[in-house]
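Okay, structure first, notes after.
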There are 2 protein chains.
Amino acid sequence: MLEAADQALVNDLTGAPSLKQRRALAKIITLLESTRLDHRHRADDVLNSLLPKTGKSFRLGISGVPGVGKSTLIESLGLYLIEKGHRVAVLAIDPSSSISGGSILGDKTRMERLSVLENAFIRPSPSSCTLGGVAEKTREAMLVAEAAGFDVIIVETVGVGQSEIAVAGMTDMFLLLQLPNAGDDLQAIKKGVMEIADLIVINKVDIDPDAAMRAQLFITSSLRLLGFQGNPDHASHDKEFWHPQVMTLSALEGKGVPELWDKVSHFEKLQKANGKFESRRKQQAGAWMWDRIDAGLKNAFRSNEAVQELLPSLVAQVNQGTMAASVAARRLLESMGHEFF
Amino acid sequence: MLEAADQALVNDLTGAPSLKQRRALAKIITLLESTRLDHRHRADDVLNSLLPKTGKSFRLGISGVPGVGKSTLIESLGLYLIEKGHRVAVLAIDPSSSISGGSILGDKTRMERLSVLENAFIRPSPSSCTLGGVAEKTREAMLVAEAAGFDVIIVETVGVGQSEIAVAGMTDMFLLLQLPNAGDDLQAIKKGVMEIADLIVINKVDIDPDAAMRAQLFITSSLRLLGFQGNPDHASHDKEFWHPQVMTLSALEGKGVPELWDKVSHFEKLQKANGKFESRRKQQAGAWMWDRIDAGLKNAFRSNEAVQELLPSLVAQVNQGTMAASVAARRLLESMGHEFF
């Protein structure tokens, strides 16, 4: 059962689009982000009550290195979508936000035309000490935005560390924004991001069209060599399934944005028809659950008193090479009182 | 305190090189690999008693796709090293061994000249249902081989899945064996293996010297673009530190094996002088401990009765979208009776 105040928030959230609705959305996300245990229990109840109204948006992940033009593209795309009648929520995952206070979306003026619209909702990255914590809050915020009727959710992340994997793991389609620059492409291959991208968009084609075309060719042939992309000339290329594509655009000039959305819409249609849309969401929900279980188990270990007492001396012995690491691990686990083997 | 039978094994193991010693080595590894809890406790005691005699070998990891010529290279290198007075143990990590019965080193005849020598010890991959389990047994076997006086330990793995990361995480130097073939190179970049390789060796130069040279050039420039390799022409290239290198050889003809060992010896000398050898080993021991703690925590979760009872219905609700994954995770953790938040 929801507390009266929370029920009022839920009513505002699931009512008609209005300033009150956007305020309820912001307040519920703040409740979800709280580290207080009583807030956490209230937030769980709110989430469960909203769940039947969630899941009806298209979730688009966008990643790219700093300076690639993510904010510019998201503003162009957001304005285009709202003009077409969509309601667009923009969330962010910034693993450094707990240190920096948020380097992306922290400054709303970066999307000043989009942020003032009633059918847009922009929320900076939650701060937390772990990427898993940040990702969890963003997943939950996504569900709340869906319950408020936002039908396109864009989740933005910077192209550093593991945050792209987290974003790809919570969205229906993952878009990698690239600069026309060969080192950038190899980095994306190296980090395994190329592998999870459904669409690779080379931005800033206005600045150097030749470099952009070379990048497009290199990425296309890399995708083939890596086996990520079907060859449309081959009989094995299955038209019912999406194969990762590479396109160029200029976010600054807004050129290519309608073509981008055409590709996204085509992707959505194919995925819904061939069952991948549904199976990806189910797989994501399961992975999310196991991810949180892992994090909880580690937390229980670290906060266990017997472990805290034993840990320093065992770590020292492992470091000095006087105890095998596997033996130390077994001693620590046994001290928690569980039967671990 | 060791049981009398185990003390006898330890005495044989740490005595002079002999058939008895190799038998003791094999028996102790078998004890380590046992899943029986009483064996596990005995094995821990044996490990701890051996620990002061471990750590004095050079640990070399070798990885490459099936067919790249790992066994041929290891035999050539092993014979060369034994001729120079070394004692060589060859271990393997094959994550598929629990299913296939071991596709690498399973058939000792693949190293028939090496396997008959008194100063060689060859042990196929342990079988276990998880890569973490296989890796743990191999790490422990490595320590036992060191206590028996083997001064070069080679750990072989196939280039599939995460096993290369595991091998790089337990060796002093990680060598990636490549075919002269561009798709192969991109795969290695994609999987993050290029990133952890200290030395990249292009094999089968006898078959196609031109392709081997092209591969060497591509990999060298990729390493530079990815920032893994100092440029010897630049002032920033520090001669005190090792920078990943690329070389070619023919394992079949034995050509390039002495040059390979020269590079390995140079690597060892630099790493010991600049402190990286020691710090890498410490870091590995710490990571090994945390890895085993993670595995133990997951095991405790899966075997907990309250969890087993709740899990099916919660998984079903998450799948159907009637419960948020984070809420399900919290319920399961609370059912274990710990305070997880």
Side-chain angles (χ1 to χ4, degrees), chain A residues 35 37 40 44 47-48 51-52 54-55 136 139-140 143 182-183 186-187 189-192 194-195 222 225-226 281-282 284-301 303-304 314-315 318-319 321-330 332-333 336 338-341, chain B residues 35 37 40 44 47-48 51-52 54-55 136 139-140 143 182-183 186-187 189-192 194-195 222 225-226 281-282 284-301 303-304 314-315 318-319 321-330 332-333 336 338-341:
Chain A
T35 53
L37 198 60
R40 189 61 258 174
D44 278 1
L47 263 186
N48 278 342
L51 220 57
T54 65
E136 172 168 33
R139 280 177 185 273
E140 292 180 342
L143 297 176
L186 279 178
Q187 287 288 354
I189 293 174
K190 171 199 138 194
K191 293 193 303 166
M194 200 72 91
E195 181 172 359
S222 298
L225 279 167
L226 293 169
R281 286 217 171 163
K282 278 198 179 166
Q284 288 176 342
W288 180 18
M289 187 184 81
W290 288 109
D291 187 52
R292 297 327 296 161
I293 289 170
D294 277 2
L297 289 170
K298 281 181 195 164
N299 201 31
F301 178 84
S303 55
N304 181 282
L314 291 186
V315 166
V318 167
N319 264 334
T322 54
M323 184 180 291
S326 51
V327 177
R330 283 189 282 272
L332 286 164
L333 291 168
M336 287 179 81
H338 277 296
E339 192 54 67
F340 284 92
F341 302 98
Chain B
T35 53
L37 197 61
R40 189 63 259 174
D44 278 1
L47 262 187
N48 277 342
L51 219 58
T54 66
E136 173 169 31
R139 279 177 186 273
E140 293 181 341
L143 297 176
L186 279 178
Q187 287 288 354
I189 294 173
K190 172 200 139 194
K191 293 192 304 167
M194 199 73 91
E195 181 171 1
S222 298
L225 280 167
L226 293 169
R281 284 214 171 167
K282 277 198 179 166
Q284 288 176 342
W288 180 18
M289 188 184 81
W290 288 108
D291 186 53
R292 296 327 294 160
I293 289 170
D294 277 2
L297 289 170
K298 281 180 195 166
N299 200 32
F301 179 83
S303 55
N304 181 281
L314 291 186
V315 166
V318 168
N319 264 335
T322 53
M323 183 179 292
S326 51
V327 178
R330 284 189 282 273
L332 286 164
L333 291 167
M336 287 180 80
H338 277 297
E339 192 55 66
F340 284 91
F341 303 99

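Proteins get letters first, then strands, A, B, ... in listed order; numbering begins at 1 in each. On a predicted model such as this, the values are computed, not experimentally measured, just so you know.
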Given a strict heavy-atom distance threshold of 4.5 Å, which part of B/N48 is in contact with chain A: side chain, backbone, both, or neither? side chain
Side chain / backbone / both / neither for A/E140 at chain B, heavy atoms under 4.5 Å: side chain
Tell me, out of A/A328, A/G321, A/P52, who's got the most heavy-atom pairs with chain B below 4.5 Å. A/G321
With rounding to the nearest 0.5 angstrom, report the CG to CG distance, B/N304 to B/N299. 11.5 Å
Chain A heavy atoms under 4.5 Å from B/L47: which part of the residue, side chain, backbone, both or neither? side chain
So A/L333 and A/R330, do their side chains get closer than 4.5 Å, heavy atoms only? no
Contacting moiety of B/S326, where chain A heavy atoms sit under 4.5 Å: both
Rounded to the nearest 0.5 Å, what's the gap from CZ on B/R292 to CG on A/L332? Could you check? 13.5 Å
Please confirm whether the backbone N or O of B/G55 pairs with a side-chain atom of B/R281, one donor and one acceptor, at under 3.5 Å? yes
Is there a side-chain contact between B/L51 and B/T54 (heavy atoms, below 4.5 Å)? yes
Less than 4.5 Å to any heavy atom of chain B: does that hold for the side chain of A/D294, its backbone, both, or neither? side chain
